[in-house]
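Residue numbers begin at 1 in each chain, while the letters A, B, ... track the order of the sequences. For the numbers below, each heavy atom of this structure counts, side chains included, while hydrogens, waters and symmetry mates do not.
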Protein chains: 2
Amino acid sequence: MKEFTEPQSTKTSPRSSLSRAAHAHQQLMEAIRSGQLKPGQRVRETDLAEQLQISRTPVREALHRLQSEGLIVNAPQRGLIIAELDYQQIMELYQMREVLESTAAGLAAKHASEPEIYALREMISKQQDCLDDAEAQAHHNRLFHNALYHASHNRYLLKTLNSLKDAMVLLGATTYKVPGRSETALEEHRAIVDAIEKGDRTAAEDITREHIRAAQKARIELINQG
Amino acid sequence: MKEFTEPQSTKTSPRSSLSRAAHAHQQLMEAIRSGQLKPGQRVRETDLAEQLQISRTPVREALHRLQSEGLIVNAPQRGLIIAELDYQQIMELYQMREVLESTAAGLAAKHASEPEIYALREMISKQQDCLDDAEAQAHHNRLFHNALYHASHNRYLLKTLNSLKDAMVLLGATTYKVPGRSETALEEHRAIVDAIEKGDRTAAEDITREHIRAAQKARIELINQG
DNA sequence: TTTAGAAAAAATATATATAAAATTTATAGG
DNA sequence: CCTATAAATTTTATATATATTTTTTCTAAA
């Protein structure tokens, strides 16, 4: 079996200060994101150890971590496989995001510092600059949401939302491929930050809830098209 | 150092079909719950391997898992220690529970099946039967909340709430030790199930939010007494 | 004393070897 | 041709050995 292609000088290649286990985890996440590893596909310690040129021990740790994150599941009669989310589970995922992201925005409206709000605005402006590139949009979108999680100043919320974000990798194509979604999402981000800046908790919650619902609708559209 | 006392035939001794790693994890959780391992205390692979009479490998896995669950943290200059939650973090924990438990109750009002509602009532009745025993109350309380999580029919919510429940172990003494808390909590549980049975989502959410807030107040009371 | 730095000690990360499970394949009986 | 069972194979779990890294201890200079 062929080894994972590891693009050299890209921003995706952070480097060797990482433990081998952490590195393996990153590589696997990236392989899932890029589609080199597809949902349902089997994953074996031995294979990965060989492909990544390390021993089985750190691979094992990475696999355990991915299991606890729900990206890999132990399928009876099949062994470890990349998790396949069915429609129901995807809806549960968005339902959860709706609750948690709106909570994060609401808390940010109460607790975000001026520099944190500034950072959110910066990200929106970066996103504005690449409205035509769906992948870049998705990247900046992730950064925005991450900054929002931090601004909530609740560590459990932060951790859980990060975990949900990772699970989103399993869904494949970004919803920014849906025509018009980029522009709408950008507007929604602006409205969220406006509400946070005003300290309007309820508005921040409501707008964010609608933002996630819109993303969910775009996702359903993508699913129904195949 | 002395070995962990492992009470034999109690309900806490599930047995050997478990992998060693899973067993180690259980033992550690139990040691934390029982106070044999206290927050801030150092935890070493080698020690545990010796105490549990197994090799370092499964101990390592258990420790990693506890780390990802937040029960153990890697303190710079000190190594692995049992996590110590400061006041702020405890508040964040209850804030998160407030959001998630109320969401779970709201979803249960929409999706719980008749047998699931029946199970909730059974648990309330069991709890009624041991109003004088704080530990037993705490046990039945955990079962009740667990059943509530399941009734929400959202796997991400279930998983996250279970994780929060585990983190609660770090808080030590149960809030059922606060005079009158048992009786009040029981009434609140009844009100929650009533709302669920009626399919009244908003009521289920509101009552549950208040239930968690009451628990938080009891917790604060415990903290302030030392 | 205090503090920087080297040496020693301890602990963790990784590799590899062995044991135990689980899965697949092969074979005999229906 | 199907089914059940056992042998063979693969894969994972655990143990142990080795390599790195981190912490501690000791020493010497300020």
Side-chain angles (χ1 to χ4, degrees), chain A residues 1-4 6 14-29 31 37-84, chain B residues 1-4 6 14-29 31 37-84:
Chain A
M1 186 184 280
K2 64 180 183 306
E3 290 169 18
F4 291 139
E6 189 172 350
R15 209 40 342 91
S16 50
S17 65
L18 236 31
S19 75
R20 295 188 213 265
H23 184 241
H25 181 264
Q26 269 198 189
Q27 291 282 302
L28 287 169
M29 281 289 282
L37 290 175
K38 296 188 211 328
Q41 187 175 337
R42 232 186 128 182
V43 179
R44 272 178 294 242
E45 271 182 36
T46 333
D47 288 2
L48 295 174
E50 191 180 350
Q51 286 169 262
L52 297 171
Q53 303 273 25
I54 58 180
S55 81
R56 281 176 45 212
T57 309
V59 170
R60 238 180 118 63
E61 288 188 8
L63 291 179
H64 275 129
R65 193 165 148 203
L66 287 167
Q67 273 188 81
S68 88
E69 293 168 351
L71 293 184
I72 287 181
V73 295
N74 201 327
Q77 243 67 0
R78 282 219 285 167
L80 291 184
I81 61 171
I82 306 294
E84 304 180 271
Chain B
M1 186 184 280
K2 65 178 180 306
E3 289 168 20
F4 293 138
E6 190 171 349
R15 123 246 20 274
S16 49
S17 65
L18 238 31
S19 75
R20 296 188 212 264
H23 183 242
H25 182 265
Q26 267 196 193
Q27 291 281 303
L28 286 168
M29 281 288 283
L37 290 175
K38 295 189 211 326
Q41 185 174 340
R42 230 186 131 182
V43 180
R44 272 179 296 243
E45 271 182 35
T46 332
D47 289 1
L48 295 174
E50 191 180 352
Q51 287 169 275
L52 297 171
Q53 303 275 28
I54 57 180
S55 82
R56 280 174 47 214
T57 308
V59 171
R60 238 180 119 61
E61 289 188 7
L63 290 179
H64 276 129
R65 192 166 150 202
L66 288 167
Q67 273 188 81
S68 86
E69 293 168 351
L71 293 184
I72 286 182
V73 295
N74 199 328
Q77 244 67 1
R78 282 218 284 166
L80 291 183
I81 61 171
I82 306 294
E84 304 180 270

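A salt bridge does not link A:Glu61 with A:Arg20: none of the charged nitrogens is closer than 4.0 Å to a carboxylate oxygen.
Checking the phosphate oxygens (OP1, OP2) of D:dT14, no side-chain nitrogen or oxygen of B:Ser55 falls inside 4.0 Å. Side-chain N/O atoms of A:Arg60 include none lying less than 4.0 angstrom from OP1 or OP2 on D:dT11.
One atom, CZ of B:Arg78, and another, P of D:dT24, lie 10 Å apart when rounded to the nearest Å. Rounded to whole Å, atom P of C:dT12 lies 8 Å from atom CZ of B:Arg44. If you measure from atom CD of B:Gln53 to atom C1' of D:dT14, you get 15 Å, rounded to the nearest angstrom. Taking atom CG on B:Leu18 and atom P on C:dA20, their separation rounds to 17 Å, with Å as the unit. Regarding A:Leu80, its CG atom lies at a distance of 18 Å from the P atom of D:dT10, rounded to whole Å. Computed from coordinates, the B:Arg42 CZ to D:dT22 P distance equals 14 Å when rounded to whole Å. The CD-C1' distance, from B:Glu45 to C:dT14, rounds to 12 Å in whole Å. In this entry the distance linking CZ of A:Arg56 with C1' of C:dA20 reads 12 Å, nearest Å.
Across the interface with DNA chain C, nearest-nucleotide mapping of B:Arg20 and A:Ala22 shows A:Ala22 to be the residue nearer the 5′ end. Between A:Thr46 and B:Pro76, the one whose closest nucleotide on DNA chain D sits nearer the 5' end is A:Thr46. Nearer to the 5' terminus of DNA chain C, by closest-nucleotide assignment, is the contact made by B:Val43 (compared with the other of A:Gly79 and B:Val43).
For C:dA13, its base never sits under 3.5 Å from the side chain of A:Thr57 at any donor and acceptor pair.
A donor-acceptor pair is defined here as one N or O able to donate and one able to accept, closer than 3.5 Å; no such pair exists between the side chain of B:Glu50 and the backbone of B:Asp47.
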Self-check item: Criterion side-chain hydrogen bond (donor to acceptor under 3.5 Å, both in side chains) on B:Glu69 and B:His64, from CA distance to verdict
Solution: CA-CA 9 Å; B:Glu69 293 168 351; B:His64 276 129; over 6 Å; no
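Side-chain contact between B:Leu48 and B:Ile54 is absent, with no heavy atoms from C-beta onward closer than 4.5 Å.
Here the CG atom belonging to B:Leu52 is positioned 6.5 Å from the CG atom belonging to B:Leu28, to the nearest 0.5 angstrom.
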